[in-house]
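Working notes, beginning with the structure itself.
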Amino acid sequence: MLTELKPPVETATPVPVAIAPEADPATGTSGVAETAPESDNAAAAGYAGVDLASPRRGPTRDWRGPLRSGVLALLSLAIGVTLWHFASVNKLSYGINFAYVPPPADVLEATMANLADPIFFVHIGVSMQRVFISFILAAGLGVLTGLLMGRSSAAWAMIAPYIEIMRPIPAVAWIPLAILMWPTEESSIVFITFLGAFFPIVLNTVHGVRQTPEVLVRAVQSLGANRVAVFRHVVLPAALPSISAGLAIGMGVAWFSLLAGEIISGQYGIGYFTWDAYSMVRTPDIVLGMLTIGMLGTLSTAAVRLATAPFLVWQTRAR
Amino acid sequence: MRDLPEPIRPGTPRDSGGKGAIDIDGVSIVFGHGDAAHTAVETTSLRVEPGEFVCILGPSGCGKSTLLNAVAGYVTPHTGEVRVDDTPVRKPGPDRGMVFQQYSLLPWKTVRDNVAFGPLMAGASPTEAGAVANTFLNMVGLKKFGSRYPTELSGGMQQRVGIARALANYPSVLLMDEPFGALDAQTRLVMQENLLEIWRKFGITVMFVTHDVDEAVFLADRVLIMSAAPGRIIEDIRPALPRPRSTDMVALPPYIAARQQCHEVIRAESRRAFAEQNL
């Protein structure tokens, strides 16, 4: 399927590829966002919002359109796999060395073997649990912090410097200190994963809050809304599209950070599985690990989208 | 929930009950401080009688919206005081319904929920609020559109929802800031007639800001002409058109006379301002 090819953090919605609130002159945001999102390294590809699944012109109503695209996609994939096969069985080596790249058949075989092995699912389960815990913490704290920063200039002034300093530090760079700081390996991995997800969520929430249209605030005030009601019925819903984009990006970055943590420490997790396969020269498992990581990332980002979609019905209805 | 007046029966004019008097008492409005201070509205006093339809007419930037915002409670006067029914205005409130130029409906709420918002804030149960919303949507001819989202409606329909939403609070005063300014000419005419009909049913005081002379003359009991820099009221014209009004009255002599008078005042004022700029 084509969707599996998408980078796990892609932002399908043309929403404010929002991570950088300062980019919006209207909000007058200063500080925080001066560093470009590239500093979030691997996830950067996702920020570009490149959506491989949907061509620009939009889908044709005609069923032949999708069918044709589907056939082309399968054909293209088949060609890719074939090229991969020949490159690896012939141990092609011109600059890039395919000698140690397992052919597709070996990967398939390894997949079958691992699917029959409960330990493979333990790896997946452990990773998913880590991401889940970290993401829930990051979403809760991130949205809360973002709302505070967006509504209170005092909160902004106090919190922004920390974010400014910490955000450009890649999660991987936290690993040595995190291991020293946290009592268990597990908690240090969760911490690193949390950090990865936290910043995009905060920044997008702040961005969302700051773009609340003033006329709507005035309108509900004249209808008798107090501060709490203004927040609940105007500020929060206005920020939701941006928050939801932040959550999706945060989920992508969480996987990235998790993998970094798992590769360096731990005995379980899909990152550990991949790295262990490298150490033990089980090359088909490396590729299987990679594909699994990609799939998990895509699925969890889709889950975030699905979870936030009911709150955004109003956005899609009019189009 | 506060006591609501009896349901509106279409066609039965309702007495304002003496509610909805606006007193603008020595109000001046200044933005900024020190050297950057800018007088948006010069000391102005004005009384609007209950049930009166007043248009504030003036060019962009003359401070007419600012004056309206002071009545709404969004802007605090530098000097003086605004009172509505002898209560000083301190902040926005549901006794003064507000209709904006455009895009002021909550896009994440359905049309019905937008209209039901005021009654909900006043303490009505969701069922009661929904029923009130339906009544008012029916009045503006949009009952069928209650479950739509605002962006699914045309500009004119959205403004009708905006009016229904403001009225659902049973305000004593309706404040309208160029509500039809973004609509096309045909829609605007229909909306003006609708508004007059609603106004007649409710007996509500209306303060209506516009830069369109024809709109002001057609709608108003009183046309207050404002001039820019600093903003002040320079003329108070009362078109002698009978009511109820309809669009074919634009050919009547009193309409033409009032229109002419407005244009003359505006022209004289523009000449004066122009001459001043060239000094």
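Letters A, B, ... are given to chains in the order of the sequence lines, protein chains preceding strands, and every chain is numbered from 1.
- Heavy atoms of Leu105(B) lying under 4.5 Å from chain A belong exclusively to its backbone.
- For Lys109(B), the part sitting under 4.5 Å from any heavy atom of chain A is the side chain, from C-beta outward, and nothing else.
- The candidate from Ala229(A), Ala238(A), Pro237(A) with the greatest count of non-hydrogen atom pairs under 4.5 Å with chain B is Pro237(A).
- Considering every non-hydrogen atom in both Tyr103(B) and Leu216(A), the closest pair reads O-CD2, 3.8 Å.
- Side-chain contact check for Asn169(B) versus Ser222(A): every heavy-atom pair is 4.5 Å or farther apart.
- To the nearest 0.5 Å, the span separating NE2 on His233(A) from CG on Leu120(B) amounts to 7.5 Å.
- Per-residue heavy-atom pair counts under 4.5 Å with chain A were compared for Ala72(B), Ser104(B), Pro150(B), and the maximum is reached by Ser104(B).
- The minimum heavy-atom distance between Ala166(B) and Leu223(A), with the atom names listed, is CA-CD2, 4.5 Å.
- Here the closest non-hydrogen pair linking Thr151(B) and Trp314(A) is OG1-O, 4.4 Å.
- Between Tyr74(B) and Ala219(A), the shortest heavy-atom distance links the atoms OH-N, 4.2 Å.
- In this structure, the portion of Asn69(B) lying under 4.5 Å from any heavy atom of chain A is its side chain and not its backbone.
- What you find for Val234(A) and Trp108(B) is that their closest heavy atoms are O-CZ2, 3.4 Å.
- Minimum heavy-atom separation, Pro94(B) to Gly224(A): CD-CA, 3.9 Å.
- Heavy-atom neighbours of Arg47(B) CZ from other residues, nucleotides or ligands within 6.0 Å: above the threshold of 12.
- Around atom CE of Met128(A), no more than 12 heavy atoms belonging to other residues, nucleotides or ligands sit under 6.0 Å away.
- Dense packing is recorded around CZ of Phe231(A), with more than 12 heavy atoms of other residues, nucleotides or ligands lying under 6.0 Å away.
- Using a 4.5 Å cut-off on side-chain heavy atoms (C-beta onward), Gln221(A) and Met98(B) make no contact.
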